[in-house]
Amino acid sequence: MKCDRYALLTWTFALLFLPSEVWAQSATSGAIAGVVKDSSGGVLPGVSVEAASPALIEKIRVAVSDGQGEYKILDLRPGPYTITFTLAGFTTVKREGIDLTTGFTATVNADMRVGAVEETITVVREAAVVDTQNVIKQDVLSRQELDAVPTARTMAGFSALTLGAVNSGNVQDVGGSKDEFALSFGVHGGRSGDLKPTLDGMNLNIATGGGGGASRTYMIDQVAVQEMTVQSRGFTAETETAGIQLNAVLKDGGNIFKG
């Protein structure tokens with residue numbers, strides 16, 4: 001018993017003193033990280049890294065590379081981003097076309113060379129498709145995809161769009177033929193009752209009855225949703241169940257009026 005008590009205290013203190021980067025993860029945001037080097041391959045500390053996007057209310061978020069040339073900008077709303085690297089005595093490097101989604105950490109590196117301060121190198125590229133910072137497995141359905149797919153924006157529709165998913169009612173949504181009703185789903189043999197539906201990370205389930213997406217009284221208004229994330233594995237310690245974690249990310253942030 002004494003050993004168990006000491007082990008419990010050790011884990012408690014370990015959780016209390018977790019790095020701030022762990023606590024900064026959010027159900028409504030992503031992150032951008034990378035390494036800044038010079039033309040010879042040496043790391044560059046002290047580089048100012050600006051992340052600009054219309055999705056940010058403040059429009060620009062700034063970080064500075066550390067002694068290993070690494071930087072990380074956390075808690076960024078989903079949307080398009082432009083990353084600018086500046087350091088006195090080096091050419092400014094700008095990377096455009098970074099499309100950030102919820103729960104995704106985009107790796108954006110930069111190679112800076114000595115040059116005039118007023119010189120800027122702009123690189124336009126597609127956003128990274130592999131997240132090298134996190135181990136989660138999730139599918140992200142953007143607003144454009146949700147509007148384009150020939151299924152309803154319901155539990156039946158989300159299960160039809162998720163590889164290996166089987167819903168609790170064995171309901172097949174064809175061309176949006178099924179309306180929203182009490183339903184849940186799991187993947188690869190997982191329990192459908194373990195599905196956890198959330199709205200910006202807030203639990204939607206009622207306190208009584210079985211688990212899963214069927215135990216809820218609130219139906220998500222898809223007009224207000226920016227994207228849906230369907231996470232199937234790689235959960236954090238705070239996750240209550242081992243089933244699908246379905247999160248609706250609402251439209252928010254930025255200075256553009258919409259509704």
Self-check item: Criterion side-chain hydrogen bond (donor to acceptor under 3.5 Å, both in side chains) on Asn203 and Thr198, from CA distance to verdict
Solution: CA-CA 5 Å; Asn203 187 16; Thr198 57; over 6 Å; no
Do [X] and [Y] have side chains that get closer than 4.5 Å, going by heavy atoms?
X	Y	value
Ile244	Val230	yes
Asp99	Tyr81	no
Thr229	Leu246	no
Arg113	Phe90	no
Phe185	Leu195	yes

Starting at [atom1] of [X], measure out to [atom2] of [Y] and round the result to the nearest 0.5 Å.
X	Y	atom1	atom2	value
Leu204	Ile220	CG	CD1	5.5 Å
Ile32	Thr105	CD1	OG1	9.5 Å
Met112	Lys37	CE	NZ	14.5 Å
Ile73	Leu100	CD1	CG	10.5 Å

Quiz item: With respect to Arg77, which candidate in Val249, Thr102, Ile57 satisfies the side-chain contact (heavy atoms from CB on, under 4.5 Å) definition?
Solution: Val249
Which atom of [X] lies closest to which atom of [Y], heavy atoms considered:
X	Y	result
Gln226	Pro78	NE2-O, 3.1 Å
Lys251	Val225	CE-O, 3.5 Å
Ile60	Glu50	CG2-CB, 4.0 Å

